[in-house]
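A quick write-up on the structure given underneath.
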Amino acid sequence: MASVIARSIIMKQHSGAHRLSFATSIKIKSCYSSYAASPKEKSPENYTRYHEVSSENWKFVERLRPHLLVPSYPTDGNYASDWIPPSDTPPNLPYFVKRTKNFMVPVYLNFEEVRNARKITIIRHIEGDIWALEQAIKSHLENVTKKPVVSRVHEVAMHIKFRGDYVNEVKKWLMNAGF
């Protein structure tokens, strides 16, 4: 039962002046002191209705269900963007950058609200010598941009942050390195 509140305004004439008075009627939802006093549940047939799907129509249901595994990427070499598939053998380097489950390079652009909107490039999923990777990418970015690049290494979370928007340069460098 839902609680119902009804108000009515009654105009009364009292000593030549009109006065408003409010008449309120309230129904309060009843509360039960125990489970035994509460109304009993009905049988499941009153709540659950289902429909059996034939085996020939089940293919349409299967089509709508999400995949349990990410399908593999096409190997024909025709890709719509600058995406490069990971190499079959990992590069022989002291560090490794693992791709995401969708085979994307884990380089992201983050906006931090410090003074102005500061752009931060983040590289995640790093394994191995994180300091060697930071030095390699930092020297590459300084050669490309011809200016000093500020970076921060987080050893526990295994990610590197670079101040600025270097997402495309870092992604190209990592894909060309074989990651």
Side-chain angles (χ1 to χ4, degrees), residues 1-4 29-32 34-113 117-134 136-137 140-141 144 151-179:
M1 275 205 261
S3 59
V4 178
K29 183 179 176 181
S30 59
C31 297
Y32 301 102
S34 69
Y35 176 74
S38 64
K40 305 301 180 219
E41 293 181 4
K42 297 177 184 175
S43 65
E45 291 83 26
N46 294 335
Y47 298 111
T48 307
R49 293 196 174 107
Y50 59 91
H51 177 71
E52 286 191 26
V53 178
S54 65
S55 59
E56 64 232 14
N57 289 338
W58 184 249
K59 63 182 176 185
F60 300 112
V61 176
E62 287 284 334
R63 186 180 64 183
L64 298 175
R65 293 180 60 212
H67 296 288
L68 297 176
L69 298 173
V70 176
S72 62
Y73 54 87
T75 57
D76 60 358
N78 296 329
Y79 305 109
S81 63
D82 293 338
W83 184 82
I84 299 172
S87 62
D88 295 333
T89 59
N92 190 12
L93 296 170
Y95 47 83
F96 184 75
V97 179
K98 186 176 78 172
R99 296 229 180 167
T100 63
K101 69 176 185 175
N102 295 323
F103 308 107
M104 301 302 287
V105 180
V107 180
Y108 308 101
L109 182 64
N110 192 10
F111 293 94
E112 293 182 358
E113 292 294 329
R118 183 181 291 170
K119 296 178 183 178
I120 305 291
T121 302
I122 302 174
I123 306 169
R124 298 189 189 276
H125 304 294
I126 302 170
E127 298 173 3
D129 190 2
I130 192 169
W131 295 99
L133 176 64
E134 185 257 345
I137 294 177
H140 171 71
L141 291 176
V144 170
S151 64
R152 183 170 68 187
V153 176
H154 196 300
E155 285 183 294
V156 177
M158 296 302 285
H159 68 259
I160 303 172
K161 293 183 177 184
F162 293 98
R163 185 183 295 172
D165 183 3
Y166 304 114
V167 173
N168 292 331
E169 290 87 5
V170 173
K171 280 185 178 181
K172 286 178 188 174
W173 188 88
L174 288 171
M175 286 191 278
N176 291 334
F179 298 112

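All values below come from the heavy atoms of this structure, side chains included, with hydrogens, waters and symmetry mates left out. Being a predicted model, the structure only gives us computed values, none of them experimental. For the single chain, residues carry numbers from 1 onward in sequence order.
- To the nearest 0.5 angstrom, I123 atom CD1 is 5.5 Å from L133 atom CG.
- Looking at every heavy atom in both residues, A132 comes nearest to P94 through CB-CG, 4.3 Å.
- Taking 4.5 Å as the limit, every side-chain heavy atom of F111 sits out of range of all side-chain heavy atoms of R118.
- Within the 4.5 Å cutoff, the side chain of N176 has heavy atoms near those of the I84 side chain.
- Residue pairs satisfying the side-chain hydrogen bond (donor to acceptor under 3.5 Å, both in side chains) criterion with at least one member in residues 151-173, sequence neighbours excluded, are listed as follows: W131-E155, E134-S151.
- Between F96 and P90 the shortest heavy-atom distance is CE1-CB, 3.8 Å.
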Requested in this report: Start with the C-alpha gap between E127 and K98, add the side-chain angles, then the distance that decides, and say whether side-chain contact (heavy atoms from CB on, under 4.5 Å) holds.
Outcome: CA-CA 8 Å; E127 298 173 3; K98 186 176 78 172; 3.9 Å; yes
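- Partner of F162 under the side chain to side chain contact (heavy atoms under 4.5 Å, CB included) criterion, chosen from V107, V167, I137, I120: I137.
- Minimum heavy-atom separation, R99 to F179: NH2-O, 2.6 Å.
- A salt bridge links R65 with E62: the closest approach of a Lys/Arg side-chain nitrogen to an acidic carboxylate oxygen falls below 4.0 angstrom.
- Residues H125 and P106 come closest through the heavy atom pair CD2-CB, 3.3 Å.
- Smallest separation of non-hydrogen atoms from G178 and S87: O-OG, 2.9 Å.
- When all heavy atoms of A136 and Y95 are compared, the closest pair comes out as CB-OH, 3.8 Å.
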Query - Verdict with supporting geometry, I160 and I122, side-chain contact (heavy atoms from CB on, under 4.5 Å) - result: CA-CA 6 Å; I160 303 172; I122 302 174; over 6 Å; no
